[in-house]
Amino acid sequence: ASPSAPKIRVGVLKFGTVNWELDTIKHNKFDAANGIEVEVVYFAGEDATNVAMLAGDLDVIVSDWLWVSRQRSEGEDLTLAPYSTAVGAIMVKNVSPIRGIPDLVGKKIGVAGGSLDKSWLLIQGLARRDHGIDLGKEGDVVFGAPPLLSEKALSGELDAVLNFWHFCARLEANGFRRLIGADDAAKALGASGPVSALGYVFREKWADENPDAAMSFVKASAQAKKLLDESDAEWRRLAPVVRAEGGELEVLRDRYREGIPKRPLAEEERDAAKLYEILAELGGEKLVGEARQMAPGTFWAALKT
Amino acid sequence: MQPAGAAAPLKVDIDEKTFRSAEGVTIVALRGLSFEVRQGEFACLLGPSGCGKTTTLRILLGLDRQFSGSYQLPEGGSKRIAAVFQEPVLLPWRTVEQNIRLALPPRLRDKDLDWLFDILGLSAMRSLYPSELSLGLARRAALARAFATEPAILFLDEPFASLDERTADKLRRLLMTVWAARPTTALMVTHNLREALLLADRIVVLSPRPAHVLGIFDVGLPRHLREAPSLDHLVSEFHKRFSDTV
Amino acid sequence: MQPAGAAAPLKVDIDEKTFRSAEGVTIVALRGLSFEVRQGEFACLLGPSGCGKTTTLRILLGLDRQFSGSYQLPEGGSKRIAAVFQEPVLLPWRTVEQNIRLALPPRLRDKDLDWLFDILGLSAMRSLYPSELSLGLARRAALARAFATEPAILFLDEPFASLDERTADKLRRLLMTVWAARPTTALMVTHNLREALLLADRIVVLSPRPAHVLGIFDVGLPRHLREAPSLDHLVSEFHKRFSDTV
Amino acid sequence: MTAEFGPDNARPSPRRARMVSRGSGVALPAASAAASLLALCLLWGLAAGMWPSRAFPPPLEVWRVLLKEAASGDLGFHLAMTLWRVAAAYVVAMVVGSVLGVLLGMHRRADSFFNPWLVLFLNLPALVVIVLAYIWFGLTEAAAIGAVAVNKIPNVVVTMREGARALEPRYAEMATVYRLGPLDQIRHVLVPQLQPYFAAASRSGIALIWKIVLVVELLGRSSGVGFQIYLYFQIFDVAAILAYTLAFVAIMLAIELLLVQPLERHATRWRRRSA
Amino acid sequence: MTAEFGPDNARPSPRRARMVSRGSGVALPAASAAASLLALCLLWGLAAGMWPSRAFPPPLEVWRVLLKEAASGDLGFHLAMTLWRVAAAYVVAMVVGSVLGVLLGMHRRADSFFNPWLVLFLNLPALVVIVLAYIWFGLTEAAAIGAVAVNKIPNVVVTMREGARALEPRYAEMATVYRLGPLDQIRHVLVPQLQPYFAAASRSGIALIWKIVLVVELLGRSSGVGFQIYLYFQIFDVAAILAYTLAFVAIMLAIELLLVQPLERHATRWRRRSA
Ligand SMILES: Nc1ncnc2c1ncn2[C@@H]1O[C@H](COP(=O)(O)OP(=O)(O)OP(=O)(O)O)[C@@H](O)[C@H]1O
Ligand SMILES: Nc1ncnc2c1ncn2[C@@H]1O[C@H](COP(=O)(O)OP(=O)(O)OP(=O)(O)O)[C@@H](O)[C@H]1O
Ligand SMILES: [Mg+2]
Ligand SMILES: [Mg+2]
């Protein structure tokens, strides 16, 4: 990068999935090619990146659109550019007798991310609509930290686990299968296609002041995604960053590729708004605050043209 | 070993007792200290300040085991020991009365102690905490504790210091009563020669540190005859024998 | 207010001092206690145990402000006060020597104290901690502390209790030397009448609690004449005046 | 340590002091606590007014959230769950920690052997203990409480050990001479001397336990204040976080003022009050 | 409290006791610490052998990870960052906490006013303080250390306050009478009496601070042991978590054995050793 290239501070989890993409950008110098310099700041937890963003320490983080919408409706000028549509899923062991949602009744289900997790709400909504089952009450639900729940699923203490997508992918490589994904639930509840659960989040003010830099960053990201979509060699290079090998790496690779957003932004935004209403219904004020509609501008307007 | 029931004496035979101070100074407190007190006898330890009297009592009380030599406590009925320490050592978080009752064996805990409080002038102080007592009152409470336990062996370390003469006299009489009421072997440290001559059967005179026995003074006179003039006589007799020490 | 340099006395005028114990008992320690000690005079307080002597000293030392009445300290050069408490009150975490030097005003901290340690028999104990002293030695250390400060006012609460006669005598002489060396007003509590008659210019005799002054005994005799026979005479004279009290 | 009334007053004017009556019933502490809380709220309100920020809501907003959560019953439920866990872990940690601490403080040999273990357990991060507990004993209540207790025990041990080391030997000697039974020795000699250490371990203990309970609930429980706080943290609702926190603090404060302080005043009434 | 040699021996046989030489140099503590650590490792190895689990790796595996992380320089870097934060927060918390604690312990009136504030700060979850600090002061080192100190100060206050309450008034009175200067009073009268409380606050203090530093690093730092531990937690690499933990514990242990214990032995040498 030339010394005058605008610097963009991106906060990520060091072992998180976003870092795979950023590492690809840095390694292949996609940032320099687009006239920017990406500075990666590592954090140990997702909440840490959120705090850092609100504390004004970073230009870009990755978070979900629901969070962005809620922050927007409370006055923060955050906005987002789609990053990935990959979402969590309920996983059960290959040999498990659980075949569908009704089989979950009375089973011990681990749920990562707490009772207001988006995936959990959607799957609950589906269960209620299609099967008349209140999973929250009729299942033996345990909330907990994602790595702990994964471990507990492996050891057999949990009958099923709803976890974030990369935990699911690793489970898949270790004898688990998907029972139902949050994307399936979203579609069943009315979404027309995959919605980016996660996006690059930044302040509108920053984007307005640095429109080229912001746009260049999105471009660099797209280039990296393209490379990751097409090159298995790049994945082999990434293996130490991903901390996976063999079958596990392949599953992670495939799921990652499936999660690359491909739809026009306007479509995604429309589906997101629809999902928001559903979620507002399911999660209530606790989840969304007082706003019953997704905050306008949650998706970065500049990408629509 | 003596046949049970025989009157075994209190026998002290300490070769040496050495302290090592925290700063590394070595202090020989006792060397070659040996004496006997017959059962039921009242003995006094007399010796200069810092010579090792308290150290001797602590060894006999079993509170200090790091010495060379041996000792033997007199055989008696209850083997109950009572001690009046040189400082009162009352539990500050218990009232005077609680402090005294606590020292009693459980079966005596509810015993009537009014007479004792009365004699000691503590009746009004039963519910006070030790920090609310004058030093003299605290000493009296410590004496009350020792007397109340009806001991078979009684160790007293300057029990009547910091008391006015009148009170001290009253308490000496009380001590005699308690001691005479049952077969009690008593060993008392004092700096007051007249007191020793008034109370003791024998006086063990100690040398300056390291303490050993300089001589033993047997007070032949029966106690009821130890009035002022004969006491004066005893004092001068004592001074004749231990002219250069006390 | 007196003109500067004039010999203002130590004036005590306490209407009442009442304690309320933790258990709610009210104890009147002093009532209508008033006496004077002229500047440079040596006075003794004599009174039964628990009457309120220590309480009086504590008030004069400024340690207890909850009383009604007033007092006035004598005017003097340095106004430096020294006190020997009834218990030694040495800092357990400092050696004997450190304890003594700490009490000195900074300019005197490095003063030569060998003579003092010598007289008090503490030379071998300079580096010991208070818990390694016998009670008598600890008292001597507390005395050394008071004497070393060259005070203008000296308060002593039974300084010679738990010392053998020989040591006590030596220390009494030392006290006289210290007191005479500079204009010092001294007030000493004691239970020992002979000691009081030997040392004091006047003896303030107190009643049992609540303490008030029963009478004042002026010892007319010059100090160098207070030998055994004339002391005996003083004792009987004192007893004649205060027949029913001491 | 205040020497304000030392005898160093230069003017030889007569000193006068009037008797002061000591009226220390229950009214005074209550009034002072109320004044204190009011002052705190005022300060908070002022600060929140001066630097308005979503991360620092004013007291009234927190109060509103508190009422809402209380009305919905959530507050009561989660608070009760947390309190029960705190109480259980507290009892376990104080009992085990006090016994171990006193034993170590009294036995120099054992202490020098077990001290490295103590340092290890003292410095094991809560995360490690909690995760191991959940892994071994399952995602159960017992594992949660046990993990919290294990986190706190070393702290209690360290404090009580200092207390045991500072014991006055004369009282133990008196007890030996007068042959006090073991129970009497503990009750009348040991416990009163350890009281200040126990009070210190206890106060900072409850606080530490509650903080660890929060982590435990975050990592593997489905109820409790910690669970709720984390939930609200994810949507960055600081007012709700503070509402839950303050509800717990209020209960602690009530226990402190109504139970602990009167008890403590009673237990230490023997101490000479400074004039 | 052991009355093993009370005078209650029923047999009137002569009692004998030999003088015991007290050789307590440095060799003994070192040997005992080594034996202790060895025993711990053995126990751990045995347990890990009996219940093999990914969550409970044997000591050798942890040792291997430790060496690897050390060789890569990561361990050294993160450890240094954490140690510096712990040290800074420790100094701040102990100084501020001790001063406040002693003042509150001595002034009953101030204490009863500020006690509710203390209870509040004592029970504020670390999370709340840390997030507020980061939001207000940015993700800076100062905010991190300040947040940790604020978490720890109330604990120090509570312990030192107990110490100040238990002060022996006679020593202060002696100091007043002999007009010791303020510095002398603090150094010779106050500090020695508070030493056991300081030791307790200090030991459990370092441990608590390190635990909060872990959280601080998790929530907003890009270095330090806490950062690493949490990273490894996400991929559930318990061996690495333990390696980092034990590296810190080892340093604490070294400080304890080489610095704190000799100092403490020196500071408390005046205590009458029980025979
Ligand atoms: N723990 C200790 N460490 C070092 N020296 C000690 C210790 N205890 C006592 N000593 C020393 O042993 C000697 C004898 O002490 P002890 O208390 O027996 O004297 P004492 O005869 O009772 O004197 P006093 O009449 O003054 O009470 C003293 O010189 C004292 O300094
Ligand atoms: N803090 C207190 N609370 C309640 N009562 C107290 C307190 N301090 C002293 N007293 C009482 O006041 C009275 C006088 O005590 P003081 O210590 O002055 O006696 P004293 O004349 O020095 O006696 P002694 O010769 O025994 O030392 C005693 O009855 C004592 O119980
Ligand atoms: Mg003695
Ligand atoms: Mg007195």
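Numbers restart at 1 for each chain; the letters A, B, ... are given by sequence-line order, proteins then strands. Computed from a predicted structure; not experimentally measured.
- Separating the CG atom in L135(B) from the NZ atom in K53(C) is a distance of 10.0 Å, to the nearest 0.5 Å.
- For R209(B) against A124(C), the heavy-atom pair with the smallest separation is NH2-CB, 4.5 Å.
- L137(B) touches chain C through backbone and side chain together, each having a heavy atom under 4.5 Å away.
- Contact count against chain C (heavy-atom pairs under 4.5 Å) is highest for L163(B) among L163(B), T54(B), L133(B), T55(B).
- Judged by distance alone, the side chains of S49(B) and R140(C) do bring a donor and an acceptor atom under 3.5 Å apart.
- Of the listed residues (L128(C), T167(C), N192(C)), the one with the most heavy-atom contacts under 4.5 Å to chain B is L128(C).
- Neither the backbone nor the side chain of T190(B) comes within contact range of chain C, judged by heavy atoms closer than 4.5 Å.
- At a 4.5 Å heavy-atom cutoff, the contact between Q86(B) and chain C is made by backbone and side-chain atoms alike.
- Considering all non-hydrogen atoms of both residues, E23(B) and T95(C) come closest at OE2-CG2, 4.2 Å.
- The contact between Y129(B) and chain C is made entirely by side chain atoms (from C-beta outward), counting heavy-atom distances below 4.5 Å.
- Ranked by heavy-atom pairs shorter than 4.5 Å toward chain B, the options S162(C), A168(C), S127(C), G50(C) are led by S162(C).
- Here the side chain of E165(C) pairs no donor or acceptor atom with the backbone of H191(B) at under 3.5 angstrom.
- Using a 4.5 Å cut-off between heavy atoms, I27(B) contacts chain C through its side chain alone, with no backbone atom that close.
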